[in-house]
Amino acid sequence: DTGVSQNPRHKITKRGQNVTFRCDPISEHNRLYWYRQTLGQGPEFLTYFQNEAQLEKSRLLSDRFSAERPKGSFSTLEIQRTEQGDSAMYLCASSPRAAGFNNEQFFGPGTRLTVL
Amino acid sequence: GEDVEQSLFLSVREGDSSVINCTYTDSSSTYLYWYKQEPGAGLQLLTYIFSNMDMKQDQRLTVLLNKKDKHLSLRIADTQTGDSAIYFCAEDGSSYKLIFGSGTRLLVRP
C-alpha cells in the first residue's frame, strides 16, 4: 500500500457547477478526514468518518457540501453549485487507531480546486 | 477556543540548527504534531509528542513541549537544503480533528 490517494489531483470548474472528489485511504484505516487548505493557511477540518459513519462536521461544511463513505473504505466529497470562494486544496487523511490512542493522521496529496 | 499560532518565516544557513516555534490554546490536547509540506504536496508527518512529555528526540529532530506555557518547538539539527518547506504544528484538542497553525516557511540558504 503506497498511502492515501486522491483523485483528481487538479480540477478546474466554472462557478455553479458541481464537483466530486475521491479519497482512497490506507487499507484498514477506519478513520477518514477531509480538510480544506487555502493559500498561506494551514489545513482546516471539514468532516470525519469512523468506518462508514460521519461523526463530525465543521461549520465550514455548508449545505452545498456533502461527504460519503458508503462501505467504510473510499470516500467522496461533493460540492454543489461551486463558488469562487470554494477554490482551495482539499486534503484527505486517514488514521488507523481507535479512540484513546495517538490520532496520527496520514495525508494524501490533495485535490486542488479552481473555480472560475 | 482552539487556536494555534506560528511565526511565518525562518531563514537559516545550511548546517545550522533551525528552531520553529508554536503556541496553542487547548490545554486538553493529548498529542501535538509537526507536519512538513513541500510545494504542491500533501502533509508529511514528521513527529509527535504526548502531552505528558517534555522532550522527544528523533534523529535530527528535537521536540520541546512546555505545557504550562502551551509552547511547542521543533529543532532541526544540521539543517539541509532539502529541509526547505512549510512546517505546521497541530494539536488534537478535545476531538479527533487536528487544529493546525498557519505554517512556518523555512528557507535554507546554501
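Just so we're on the same page: letters track the sequence lines, and every chain starts at 1. This is a predicted model, so every value here is computed, not measured.
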* **Minimum heavy-atom distance B:Phe88-A:Gly42, with the two atoms named** => CE2-CA, 3.3 Å
Report, one line per pair, each donor and acceptor closer than 3.5 Å where one atom sits in a side chain of residues 101-110 of chain B; sequence neighbours left out.
from     : atom 1 : to      : atom 2 : distance (Å)
B:Ser102 : OG     : A:Gln41 : OE1    : 3.4
B:Thr104 : OG1    : B:Gln6  : NE2    : 3.1
B:Thr104 : OG1    : B:Ser7  : O      : 2.6
B:Arg109 : NH1    : B:Ser11 : OG     : 2.6

* Is there a side-chain contact between A:Arg31 and B:Tyr96 (heavy atoms, below 4.5 Å)? -> yes
* Tell me, side chain or backbone of B:Phe50 under 4.5 Å from chain A's heavy atoms, or both, or neither? -> neither
* Asked: Given the rule that I, L, V, M, F, W and Y join up when any side-chain heavy atoms are under 4.5 Å apart, are B:Ile20 and B:Leu64 in one cluster?
  -> no
* Residue A:Lys11 excluded, over 12 heavy atoms near NZ under 6.0 Å -> no
* Structure fact -> Here the salt bridge (charged side-chain N to carboxylate O under 4.0 Å, His left out) pairs for residues 15-25 of chain B, sequence neighbours left out, are none
* If we only count heavy atoms from C-beta on, is the B:Tyr48 to A:Glu104 side-chain gap below 4.5 Å? -> yes
* Asked: Would you say A:Ile12 has more than 12 foreign heavy atoms packed within less than 6.0 Å of its CD1?
  -> no
* Asked: Quick one: are A:Tyr35 and B:Leu98 in side-chain contact, heavy atoms under 4.5 Å?
  -> yes
* **CG on A:Leu46 to NZ on B:Lys97, rounded to 0.5 Å** => 11.5 Å
* Is chain B contacted by the side chain of A:Gln37, its backbone, both, or neither, given a heavy-atom distance below 4.5 Å? -> side chain
* Asked: Between A:Leu91 and B:Gly42, what is the shortest heavy-atom contact and its length?
  -> CD2-CA, 4.4 Å
* Structure fact -> Among residues 107-116 of chain A, those lying within the under-4.5 Å heavy-atom range of chain B are A:Phe107, A:Gly108, A:Pro109
* Among the clusters formed by ILVMFWY side chains lying less than 4.5 Å apart, do A:Phe74 and A:Leu55 turn up in the same one? -> no
* Roughly how far, to the nearest 0.5 Å, is CG of B:Leu43 from CD of A:Gln105? -> 10.0 Å
* Do other residues, nucleotides or ligands put more than 12 heavy atoms under 6.0 Å from B:Gln44 CD? -> yes
* **Qualifying salt bridge (charged side-chain N to carboxylate O under 4.0 Å, His left out) pairs with a residue from residues 64-86 of chain B, counting only residues at least two apart or across chains** => B:Arg60-B:Asp83
* Would A:Phe45 end up clustered with B:Leu32 when hydrophobic side chains under 4.5 Å apart are linked, directly or stepwise? -> yes
* Answer yes if B:Leu45 and B:Leu72 sit in the same cluster of Ile, Leu, Val, Met, Phe, Trp and Tyr residues linked by side chain heavy atoms under 4.5 Å apart, and no otherwise. => yes
